[in-house]
Amino acid sequence: MKALLCKAFGPIENLRVEDIEAPTAGPGQVLVSIRAAALNFPDALIVQGLYQVKPALPFSPGAEFAGVVKTVGEGVSHLKVGDRVMALVPHGALAEECAVDARGVIPLPDDMDFVTGSALLLTYCTSLHALKDVAKLAAGETLLVLGASGGVGIAAIEIGKLMGARVIAAASSEEKLALCREHGADETIDYARDDLRECVDALTEKRGVDVVYDAVGGAYSEAALRATGWGGRLLVVGFATGDIPRLPLNLALLKERQILGVYWGDWAKRHPKLQQEHLMQLLAWFRGGKIAPPVTEQLPLSGAVDALQRMARREVRGKLVVLTGS
Ligand SMILES: NC(=O)c1ccc[n+]([C@@H]2O[C@H](COP(=O)([O-])OP(=O)(O)OC[C@H]3O[C@@H](n4cnc5c(N)ncnc54)[C@H](OP(=O)(O)O)[C@@H]3O)[C@@H](O)[C@H]2O)c1
């Protein structure tokens with residue numbers, strides 16, 4: 001089978017598409033013929049050795065996909081050959097086939113295509129958990145989303161609106177902000193051009209926002225924390241800038257603000273029942289036309305290297321999906 005291969009941690013440009021032996025489904029696993037795999041920011045980090053997880057070499061990056069069950073391993077009774085499915089994996093999605101633990105495989109709803117199914121799980125599950133369980137976002141509150149045109153950002157905009165919040169989207173270009181508006185943002189801030197704090201003050205009559213969704217880090221985090229009002233909550237989701245900020249704690253004291261970490265993957269392992277409820281909620285929203293993964297590009301496997309480079313250079317919007325199989 002063809003797979004994008006990382007043979008040594010290093011620059012993204014070193015990744016190659018190669019023919020390798022296909023995996024087989026071990027006990028408790030299914031082998032999935034992948035049709036579509038969505039890219040996520042950590043894919044660009046993991047191949048450079050910059051992510052918290054370092055897989056054994058060589059490996060294929062890629063964490064989420066949709067496809068068709070090709071073979072079923074021993075002991076698996078709830079899935080059969082030909083089932084349409086979607087799944088999250090630690091790595092291995094940027095390949096034509098992937099063997100995956102059958103317990104983590106989710107049936108793809110009949111009305112969901114492979115591209116959409118590949119681009120739903122990671123970002124929407126993260127943002128729903130962050131806003132509902134961690135921030136406890138309430139209807140009528142104001143939510144500021146940083147890096148809002150990215151994968152988790154658009155999911156945060158859509159879910160924030162569904163939870164009844166007023167959503168302010170911050171991103172670095174007019175083109176990116178246009179995508180945020182298409183997905184429901186009430187107001188937008190170009191934080192590459194304008195001062196984030198001043199813009200929030202103007203939009204909130206100086207009351208500040210209630211919740212910040214921060215998947216960006218760097219200097220934006222402190223500016224955003226300062227832009228929260230009394231009891232404001234800063235969600236620490238990620239550091240796409242590559243810079244983990246150090247924040248002055250007097251900012252927390254002064255307005256009883258809270259700085260709250262979000263680690264969806266570990267939370268989901270610890271709370272499988274709640275995660276299942278979230279999944280049901282997301283699928284119901286999808287069926288009702290309330291959420292729509294923002295797929296902006298569909299690429300062949302040979303285009304994945306360039307796509308990951310552009311993602312690392314801050315040059316993409318929404319979700320990029322690689323069409324892997326036939
Ligand atoms: N905590 C969790 O459970 C969890 C789960 C999933 C993802 N994450 C993290 O969330 C972050 C975003 O992931 P994603 O897949 O949504 O990424 P993405 O689609 O690439 O979006 C990231 C956004 O960050 C902004 N950004 C600012 N500086 C950047 C830089 N130097 N390079 C690249 N982007 C930059 C970009 O928007 P502007 O240009 O508009 O600033 C970009 O749209 C990642 O750090 C990821 O690891 C965390």
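In listed order, ligands and their atoms are each counted from 1. For the single chain, residues carry numbers from 1 onward in sequence order.
Checked by distance only, ligand 1 and Thr123 stay at 3.5 Å or farther apart across all their nitrogen or oxygen atoms. In terms of N/O distances under 3.5 Å, ligand 1 is not approached by Val316. In terms of N/O distances under 3.5 Å, ligand 1 is not approached by Arg313.
Within ligand 1, counting atoms from 1 as listed, the ones closer than 4.0 Å to a heavy atom of Gly147 are 37 (O). Set against the non-hydrogen atoms of Lys176, the atoms of ligand 1 under 4.0 Å away are 37 (O), 38 (P), 39 (O), 40 (O). The atoms of ligand 1 that sit less than 4.0 Å from any heavy atom of Tyr263 are 3 (O). Each of the following atoms of ligand 1 lies closer than 4.0 Å to a heavy atom of Val216: 24 (O), 25 (C), 27 (C). The contact set between ligand 1 and Ala171, taken as ligand atoms under 4.0 Å from a residue heavy atom, comprises 40 (O). Within ligand 1, the atoms closer than 4.0 Å to a non-hydrogen atom of Tyr191 are 38 (P), 40 (O), 41 (O), numbered from 1 in the order shown.
A salt bridge links Lys161 with Asp186: at least one charged nitrogen is closer than 4.0 Å to a carboxylate oxygen. A salt bridge is absent between Arg233 and Asp210; no separation between the charged side-chain nitrogens and carboxylate oxygens falls under 4.0 Å. Between Glu18 and Lys7 a salt bridge is recorded (basic side-chain N to carboxylate O distance below 4.0 Å). Here Lys70 pairs with Glu97 in a salt bridge; the nearest charged N to carboxylate O distance falls below 4.0 Å. One finds a salt bridge joining Arg310 and Glu297 here, because a Lys/Arg side-chain nitrogen approaches an Asp/Glu carboxylate oxygen to under 4.0 Å.
Residue contacts with ligand 1 for Phe239 involve N, CA, C or O but no side-chain atom from C-beta outward (heavy atoms, distance under 4.0 Å). Residue Ser173 does not touch ligand 1, judged by heavy-atom distances below 4.0 Å. With a 4.0 Å heavy-atom cut-off, ligand 1 is reached by the backbone of Thr241 and by its side chain too. Contacts between Met311 and ligand 1, counted as non-hydrogen atom pairs separated by less than 4.0 Å, involve both the backbone and the side chain.
In terms of protein heavy-atom proximity, atom 7 (C) of ligand 1 is closest to Val152 CG1, 3.8 Å. Ranking protein heavy atoms by distance to atom 10 (O) of ligand 1, first place goes to Ala215 CB, 3.7 Å. Protein heavy atom at the shortest distance from atom 19 (O) of ligand 1 is Gly151 N, 2.8 Å. The closest protein non-hydrogen atom to atom 5 (C) of ligand 1 is Thr126 OG1, 3.3 Å. Looking only at heavy atoms of the protein, atom 21 (O) of ligand 1 is closest to Gly150 CA, 3.4 Å. Annotation: atom 47 (O) of ligand 1 to nearest protein heavy atom, Pro42 CG, 3.5 Å. The protein heavy atom nearest to atom 17 (O) of ligand 1 is Phe41 CB, 3.2 Å. Here the protein heavy atom with the shortest distance to atom 48 (C) of ligand 1 is Val237 O, 3.0 Å.
Atom NZ of Lys132 is surrounded by 12 or fewer heavy atoms from other residues, nucleotides or ligands within 6.0 Å. In this structure, Glu74 places its CD atom where only 12 or fewer heavy-atom neighbours from other residues, nucleotides or ligands lie under 6.0 Å away. More than 12 heavy atoms of other residues, nucleotides or ligands shown are found within 6.0 angstrom of CD on Gln52. Counting heavy-atom neighbours within 6.0 Å of Arg103 CZ, excluding the residue itself, gives a total of 12 or less. For Glu315, the CD atom sits in a packed shell: over 12 heavy atoms of surrounding residues, nucleotides or ligands are nearer than 6.0 Å.
A side-chain donor-acceptor contact under 3.5 Å links Arg84 to the backbone of Pro109. Panel note: side chain Glu205, backbone Asp201; no donor-acceptor pair is recorded below 3.5 Å.
Between Trp267 and His278, the ring centre distance stays below 6.0 Å.
With distances taken over non-hydrogen atoms, the option nearest atom 40 (O) of ligand 1 out of Cys125, Ser172, Ala130 is Ser172. Taking only non-hydrogen atoms, the option from Leu39, Leu179, Val262, Leu177 nearest to atom 2 (C) of ligand 1 is Val262. For atom 24 (O) of ligand 1, the candidate residues are Ala240, Ala156, Gly318; the nearest heavy-atom contact is made by Ala240. Within the set Arg317, Lys319, Arg314, the minimum heavy-atom distance to atom 26 (N) of ligand 1 is found for Arg314.
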Just list the side-chain donor-acceptor pairs under 3.5 Å for residues 192-199, sequence neighbours left out, or say none.
residue, atom, partner, partner atom, Å
Asp195, OD2, Arg197, N, 3.3
Asp195, OD2, Glu198, N, 2.8
Arg197, NE, Arg226, O, 3.2

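With Phe65 as the aromatic partner, Arg35 does not meet the cation-pi criteria of under 6.0 angstrom to the ring centre and within 45 degrees of the ring axis.
Heavy-atom distances between Tyr51 and ligand 1 stay at or above 4.0 Å for every pair. By the 4.0 Å heavy-atom criterion, Gly242 is excluded from the residues contacting ligand 1. Taking 4.0 Å as the cut-off, Ala312 counts as a neighbour of ligand 1 on heavy-atom distance.
For atom 42 (C) of ligand 1, no protein non-hydrogen atom is found at a distance below 4.0 Å.
Residues satisfying the salt bridge (charged side-chain N to carboxylate O under 4.0 Å, His left out) test with Glu64, not counting sequence neighbours, are Lys319.
Checking Ser172 against Tyr191 by side-chain atom types alone, no donor-acceptor pair falls below 3.5 Å.
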